[in-house]
K.L.:
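One structure coming up, written as structure tokens, with questions to follow.
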Amino acid sequence: MTEPSTWTYLMDMDGVLVHEEHMVPGADEFVAALRENGIPFMVFTNNSIYTPRDLRARLLRSGLDIPEEAIWTSALATAQFLEQQRPGGSAFVVGESGLTTALHNIGYVLTDRDPDYVILGETRTYSFEAITKAIRLVENGARFIATNPDEKGPSREGTLPATGAVAALIERVTGRAPYYVGKPNPLMMRSALRHLGVHSENTLMIGDRMDTDVRSGLESGLQTILVLSGISDEDTAERFPYRPTKVVRSIADLREHVTDPFMA
């Protein structure tokens with residue numbers, strides 16, 4: 001592999017930098033190494049609940065100093081997509097501040113009166129009333145968008161239904177499938193590349209999931225690194241028809257050679 005003079009790093013947040021609100025050991029040294037070498041990076045999350053400012057505060061509590069402008073969420077990717085597709089439009093939103101703030105920032109009007117889109121995101125408490133409203137608006141012609149296809153998420157009490165599960169409910173009732181913007185849609189990668197002003201051939205994606213992180217990186221033309229600090233183990237990659245460029249135990253294994261991440 002021919003190494004570019006400077007790599008750009010895209011990396012998932014949960015399972016790569018943090019795990020259950022705690023920093024992955026060595027992640028702070030890895031980020032420091034990126035900064036020391038002037039390497040651009042972006043942190044990704046499919047979670048649309050939080051704004052970049054919220055996520056920066058969460059990361060700071062774990063011991064990681066990541067600037068707001070280096071955090072890219074499925075809510076931001078959704079807003080960028082809609083700004084290109086239908087500038088100045090309107091939407092009925094099932095979601096929280098991360099999503100509504102991103103839409104307000106592109107000039108969207110949030111309404112339940114004949115909106116251009118129904119946009120479904122993550123929320124801590126899905127309202128049956130809001131879901132019913134979303135179903136009726138989709139039936140009446142609103143275009144259906146979902147921030148990400150994740151069916152479930154973790155909590156201290158156990159599994160929580162997530163955006164993909166609620167989207168499936170709405171699709172089952174209406175017969176209208178949503179367009180998912182977040183990973184594994186390569187659109188989320190490409191939107192981040194545009195935001196950074198970099199090219200895919202000089203960029204790598206680090207994640208802990210084969211089905212979202214590695215797949216979206218691969219389909220965006222990026223080199224990929226699977227870390228085993230999240231949900232994947234040493235056998236996970238073998239179960240998929242595609243492979244990451246490299247597998248490491250954790251992001252800490254890369255801190256000594258961030259300028260040459262694919263060294264033997």
Side-chain angles (χ1 to χ4, degrees), residues 8 10-13 42-55 68-112 114-123 130 134 137-138 141-151 162-168 170-171 174 176-200 203 205 207 209 211-222:
T8 297
L10 306 182
M11 66 198 88
D12 191 37
M13 184 172 69
M42 184 78 77
V43 175
F44 274 65
T45 178
N46 253 1
N47 193 317
S48 64
I49 289 178
Y50 304 106
T51 65
R53 182 174 297 175
D54 297 332
L55 291 170
E68 286 182 47
E69 59 270 20
I71 298 172
W72 195 247
T73 71
S74 62
L76 294 175
T78 298
Q80 187 180 86
F81 171 73
L82 292 174
E83 187 174 32
Q84 294 166 348
Q85 290 284 307
R86 189 176 289 266
S90 60
F92 175 73
V93 175
V94 180
E96 299 207 21
S97 62
L99 183 55
T100 56
T101 300
L103 293 171
H104 276 138
N105 287 344
I106 63 164
Y108 254 57
V109 173
L110 306 188
T111 180
D112 62 0
D114 195 26
D116 296 316
Y117 295 96
V118 164
I119 305 176
L120 176 67
E122 214 76 60
T123 176
L137 291 171
V138 170
R143 301 155 188 86
F144 186 19
I145 300 283
T147 57
N148 68 85
D150 300 359
E151 297 94 351
T163 305
V166 180
I170 296 173
E171 179 180 355
T174 64
R176 301 272 296 280
Y179 181 71
Y180 292 107
V181 176
K183 298 177 297 178
N185 189 342
L187 181 72
M188 187 165 174
M189 300 286 134
R190 292 172 187 152
S191 66
L193 294 176
R194 282 194 299 271
H195 188 74
L196 286 167
V198 298
H199 300 288
S200 59
T203 304
M205 175 67 192
R209 296 183 65 111
D211 57 347
T212 55
D213 302 321
V214 172
R215 179 181 166 185
S216 58
L218 183 71
E219 292 180 355
S220 302
L222 314 182

K.L.:
Mind checking whether Pro178 and Leu120 have side chains closer than 4.5 Å, heavy atoms only?
P.N.:
no
K.L.:
Nearest 0.5 Å, please: how far is CG in Asn148 from CG in Asn185?
P.N.:
11.0 Å
K.L.:
Taking CG in Asp114 as the centre, count heavy atoms belonging to other residues, nucleotides or ligands within less than 6.0 Å. Is the count above 12?
P.N.:
no
K.L.:
Answer yes or no: does atom CZ of Arg194 have more than 12 heavy-atom neighbours from other residues, nucleotides or ligands under 6.0 Å?
P.N.:
yes
K.L.:
Between Val198 and Leu193, is a side-chain contact (heavy atoms from CB on, under 4.5 Å) present by the stated rule, with each step listed?
P.N.:
CA-CA 5 Å; Val198 298; Leu193 294 176; 3.6 Å; yes
K.L.:
Supply the atom-to-atom distance Met205 CE to Leu218 CG, rounded to the nearest 0.5 angstrom.
P.N.:
12.0 Å
K.L.:
Just jot down the ring-ring contact (aromatic ring centres under 6.0 Å, His included) partners of Phe92, sequence neighbours excluded, or say none.
P.N.:
none
K.L.:
Report the distance from atom CG of Asn47 to atom CE of Met13, rounding to the nearest 0.5 Å.
P.N.:
7.0 Å
K.L.:
Taking side chain to side chain contact (heavy atoms under 4.5 Å, CB included) as the test, write out the residues that go with Glu83, two or more places apart.
P.N.:
Ile106
K.L.:
To the nearest 0.5 Å, what is the distance between CE on Met42 and CE on Met189?
P.N.:
11.0 Å
K.L.:
Atom OG1 in Thr100, atom CG in Leu103: separation rounded to 0.5 Å?
P.N.:
7.5 Å
K.L.:
Are any of the side-chain heavy atoms of Asn46 and Glu122 separated by less than 4.5 Å?
P.N.:
no
K.L.:
Please examine the side chains of Phe44 and Leu10, heavy atoms only from C-beta on, and report whether any two atoms are closer than 4.5 Å.
P.N.:
yes
K.L.:
Taking atom CZ of Phe144 and atom CD1 of Ile119, what is their separation to the nearest 0.5 Å?
P.N.:
10.5 Å
K.L.:
Could you report the tightest heavy-atom contact between Leu137 and Asp112, atom names first, then the distance?
P.N.:
CD2-O, 3.7 Å
K.L.:
My understanding is that only one of Asp213, Asp211, Asp150 makes a salt bridge (Lys or Arg N to Asp or Glu O under 4.0 Å) with Lys183; could you say which?
P.N.:
Asp213
K.L.:
Please report the closest heavy-atom contact between Ile170 and Ala134, naming both atoms and the distance.
P.N.:
CD1-CB, 4.1 Å
K.L.:
What's the shortest heavy-atom distance between Ser216 and Ser220, and which atoms?
P.N.:
O-OG, 2.8 Å
K.L.:
Which salt bridge (Lys or Arg N to Asp or Glu O under 4.0 Å) pairs, counting each pair once, include a residue from residues 93-104, with sequence neighbours left out?
P.N.:
Glu96-Arg124
K.L.:
Tell me whether His195 contacts the main-chain N or O of Ser191 through its side chain, where contact means a donor paired with an acceptor under 3.5 Å.
P.N.:
no
K.L.:
What's the verdict on side-chain contact (heavy atoms from CB on, under 4.5 Å) for Thr45 and Tyr50, showing C-alpha distance, side-chain angles and the deciding distance?
P.N.:
CA-CA 10 Å; Thr45 178; Tyr50 304 106; over 6 Å; no
K.L.:
If you compare all heavy atoms of Gly121 against all heavy atoms of Ser48, which two are closest, and at what distance to 0.1 Å?
P.N.:
CA-OG, 3.6 Å
K.L.:
Looking only at non-hydrogen atoms, find the nearest pair between Met188 and Trp72 and report the distance.
P.N.:
O-NE1, 3.6 Å
K.L.:
Ignoring hydrogens and geometry, is there a side-chain-to-backbone donor-acceptor pair from Arg143 to Tyr179 under 3.5 Å?
P.N.:
no
K.L.:
Which atoms form the tightest heavy-atom contact between Pro186 and Glu219, and what is the distance?
P.N.:
CD-OE1, 3.7 Å
K.L.:
With no hydrogens and no angle check, do the side chains of Tyr108 and Asp116 hold a donor and an acceptor under 3.5 Å apart?
P.N.:
no
